[in-house]
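Chain A is the first sequence line, chain B the second, and so forth, proteins listed ahead of strands; every chain is numbered from 1. Reckoned from all heavy atoms, side chains included, excluding hydrogens, waters and symmetry mates.
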There are 4 protein chains.
Amino acid sequence: MRARNSASKQQAEGRARSFTETGRRAQIVASAIDVIAEVGYQRASFAKIAQRAGLSSTGMISYHFDGRDDLMREVVAEAMRVADGYLRPRIEAHESYAARLRASIEGNLDLLAEYPNHLAAIGEVLGNLRGGDPGMVAFTEGMEAILAFQVEQVRKGQAAGEFCDFDPWVMLRAIRAAIDDVVRRARDEPGLDACATGRELADLFDRATRKTP
Amino acid sequence: MRARNSASKQQAEGRARSFTETGRRAQIVASAIDVIAEVGYQRASFAKIAQRAGLSSTGMISYHFDGRDDLMREVVAEAMRVADGYLRPRIEAHESYAARLRASIEGNLDLLAEYPNHLAAIGEVLGNLRGGDPGMVAFTEGMEAILAFQVEQVRKGQAAGEFCDFDPWVMLRAIRAAIDDVVRRARDEPGLDACATGRELADLFDRATRKTP
Amino acid sequence: MRARNSASKQQAEGRARSFTETGRRAQIVASAIDVIAEVGYQRASFAKIAQRAGLSSTGMISYHFDGRDDLMREVVAEAMRVADGYLRPRIEAHESYAARLRASIEGNLDLLAEYPNHLAAIGEVLGNLRGGDPGMVAFTEGMEAILAFQVEQVRKGQAAGEFCDFDPWVMLRAIRAAIDDVVRRARDEPGLDACATGRELADLFDRATRKTP
Amino acid sequence: MRARNSASKQQAEGRARSFTETGRRAQIVASAIDVIAEVGYQRASFAKIAQRAGLSSTGMISYHFDGRDDLMREVVAEAMRVADGYLRPRIEAHESYAARLRASIEGNLDLLAEYPNHLAAIGEVLGNLRGGDPGMVAFTEGMEAILAFQVEQVRKGQAAGEFCDFDPWVMLRAIRAAIDDVVRRARDEPGLDACATGRELADLFDRATRKTP
DNA sequence: AATGAATGAGGCTTCATTCAT
DNA sequence: CATGAATGAAGCCTCATTCAT
């Protein structure tokens, strides 16, 4: 496998990846998630990631990924896949928009308690993107799409009379920022009760969004 | 001037800095703030900062500052000095705790409109600290002290019946995170209306904190 | 190969080094010995060593060795290995303590004639250690151990009536110093007859140590 | 005063130095001796020397001395002046060549006890010379002249029947090396009794040189 | 697939020196 | 005389990447 054929491109081309190939890639991505969560995006060097993956050479990472950006894309994609698998059922278990918002907030922090590194990795990678970064643009757009979906949901909630009047974009960014902040705090404060903080945040944003009679 | 005598130490020793010395240091700090805001903490190399400051070599930065940490300390100190000078009068112009909270939020984003790089630099530096970073610990503690003061204010507001019942730490961190998020967005979206977003955020957290009868 | 796993550590871990790995390391060490002997410990920069080893960048040295100290450790270890292999049989070929002392002195200078750089490198590295140098402490202790062994031999010689009464430590340090001095002289005086000087020194210290009836 | 007119050149030109000029130069030389003795020749940077001399800028050293080599020349000249003033009367107080040799050895180590840094500085500077060093050649020649004088004395002692037959050059270099070794040891071992070691060394070389009946 | 080796760029620091004031 | 500032070189180190095997 040539590195320049990144995983996504290959799938688009319809060629199946071998088991080992998939395995190694996944292993590297998993190690990258851990390392990024531990030392941050910039300090997560190929050397550290290879070491954690049990590889004796950073060359293998360059072999499997078409550069650092490609690896980081996979890191976020994998972490988001896990997050989505965890959150979607919990959110869709509720009917009302307000309950779903609460489930989303609390779910994120329950997820943090269960997978301490995934949300941190997402935050690190996305937080270190710069406007001009080529190759990562599609990424920002992906996140934007998710946010746009949530905005749509909130708008429906407002239309349904569940939420008061506010700018959904500002609200949802504030929620995301508050969650990410807890994720960062959890990194340095092992004793932090993420779930309790999640409930507190859910209460906070419930007051900020609900329609007062 | 010996670099290892950082500005604060020198002042503590009572020795006055020469005009030029102060000037170059300030110029380097100002350049650092700009570079950090533009490319981020990790990518803000001495080379880029020196170039922006009109210096021909990175050696001059090592000459004026006792290493990267020392420079970053000055960066945050300077940015916080500016922010404090801007925000304090605006906040203290109000009597009620709720009004002061609103003034704080809106003030931060007005400040962002006026000094687009200072808050970004603070966020970048503090956001890239890791638990074990020696030499920067005093910094985290400094921020914690500011937050603790605000927590105390909020508690008084709760006691005074202006605010409803919530965990002040969680609330204030959420506010800080929301503001920092706007700061980051402003970096990549030149068209963003920071002041309007400030008012929206102030409304949001007003609903989240105010006592409902 | 990870540089931070120095050769000794790796061997302790039981992992075999590849042929090339050993080769390059050995080549770098050999080049370092030459450069150190030529320009001295402090002026033996990675750049010079890399150049002599046919490497295009100093990065390779950092890749193979965990810093300057690690390289210097290997330099001394290798030079001492060679010296030991050369001297031990020559010394142990003799029975009496006096003859062994003579063999040791003459052997050192014969070794100098054969390997002009090894003793010089040892002297340069050890001579540039300072008390507080961390990481090199084990080294000084290693040399001290060798000296302590020789002291013990001399004491036995005294007990056996071969040597007169003197402080073995002072004597052995004087011998070592005299040998090292010749090593340094040989560096700048190509015409020096090391072996003849060795015999002269052996005579000198024979008179200084032998029991007079 | 222009640095390029070094002290010696100026005296040769017959121009008197001002008091301050002489004072500063002497102060810098004295500081250099201390710093060199403490951290070694190579690590004795202008910065450290200036700091110890109470100067706030290394520029003053470049102003007073025509480069590092010039300073080092003065360091050795000054240290040798002190050593000569101390040793000469002690040596000349004796008549026999053997007694003078003993006085020389013991005197050097008494000197070490009294001026712990001067002999160390001499040894550091001279020990770091390399053959090709331009500008320092005159220096080695100076030392060689001293040694040549001592050699002459020893030859006379041999002719007078006080000493046995040996190569005076080898003997005197061995003595010098042994003394310098004690000087280096004294640097790292504060408890060392230099005078006692001096007596032991004097005994050693007395046995090595005296005529046995 | 995997490894170890190599590269070249870039990072921060220290140094001796020069210069305007 | 003295200072602080500036320079340019050199030093060691880390990094992502490439390549032969």
Below 3.5 Å between N/O atoms, which protein atoms pair up with nucleotides 8-12 of chain E? Just atom names and distances, please.
from: E:dG8; atom 1: OP2; to: C:Ser56; atom 2: OG; distance (Å): 3.3
from: E:dG11; atom 1: OP1; to: B:Ser45; atom 2: OG; distance (Å): 3.0
from: E:dC12; atom 1: OP1; to: B:Arg68; atom 2: NH1; distance (Å): 3.2
from: E:dC12; atom 1: OP2; to: B:Phe46; atom 2: N; distance (Å): 2.6

What residues, two or more places apart in sequence or in another chain, satisfy side chain to side chain contact (heavy atoms under 4.5 Å, CB included) together with [X]?
{"X": "C:Ala77", "answer": "none"}
{"X": "B:Ala47", "answer": "B:Ser45, B:Thr58"}
{"X": "C:Ala50", "answer": "C:Leu55, C:Ile61"}

Testing the basics here: between [X] and [Y], what is the closest heavy-atom pair and its distance to 0.1 Å?
{"X": "C:Ala32", "Y": "C:Val75", "result": "CB-CG2, 3.6 Å"}
{"X": "D:Ile28", "Y": "D:His64", "result": "CD1-CD2, 3.9 Å"}
{"X": "B:Tyr41", "Y": "B:Arg68", "result": "O-NH2, 2.6 Å"}

(message) Measuring to OP1 and OP2 of F:dA2, would you say a side-chain N or O of D:Arg24 lies under 4.0 angstrom away?
(response)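 So the side chain of D:Arg24 is within the cut-off, an N or O lying under 4.0 Å from OP1 or OP2 of F:dA2.
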(message) With a cut-off of less than 4.0 Å, is there a side-chain N or O of B:His64 near OP1 or OP2 of F:dG4?
(response)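 Checking B:His64 against F:dG4: no side-chain N or O falls below 4.0 Å of OP1 or OP2.
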What is the distance, rounded to the nearest whole Å, between atom [atom1] of [X] and atom [atom2] of [N]?
{"X": "C:Asp69", "N": "F:dG11", "atom1": "CG", "atom2": "C1'", "result": "14 Å"}
{"X": "D:Leu55", "N": "F:dA5", "atom1": "CG", "atom2": "P", "result": "16 Å"}
{"X": "C:Gln51", "N": "F:dC12", "atom1": "CD", "atom2": "C1'", "result": "17 Å"}
{"X": "D:Ile49", "N": "E:dC15", "atom1": "CD1", "atom2": "P", "result": "11 Å"}
{"X": "B:Asp70", "N": "E:dT13", "atom1": "CG", "atom2": "C1'", "result": "14 Å"}
{"X": "C:Asp66", "N": "F:dC13", "atom1": "CG", "atom2": "C1'", "result": "10 Å"}
{"X": "C:Ile61", "N": "F:dC12", "atom1": "CD1", "atom2": "P", "result": "8 Å"}

(request) Identify, with sequence neighbours excluded, every residue that meets salt bridge (Lys or Arg N to Asp or Glu O under 4.0 Å) alongside D:Arg52. (result)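 Result, salt bridge (Lys or Arg N to Asp or Glu O under 4.0 Å) vs D:Arg52: D:Glu38.
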(message) Only Watson-Crick and G-U wobble pairs with both distances less than 3.5 Å should count. Give DNA chain E in dot-bracket notation, marking inter-strand partners with |.
(response) .||||||||||||||||||||
(message) To the closest 0.5 Å, what do you measure between CE (A:Met72) and CD1 (A:Ile36)?
(response) 4.0 Å
(message) Could you work out, with side chain to side chain donor-acceptor pair (under 3.5 Å) as the rule, every residue matching B:Gln51, not counting sequence neighbours?
(response) none
(message) As a test of reading the structure: which of F:dA2, F:dA5, E:dA1 is closest to the side chain of B:Tyr63, going by heavy atoms?
(response) F:dA5
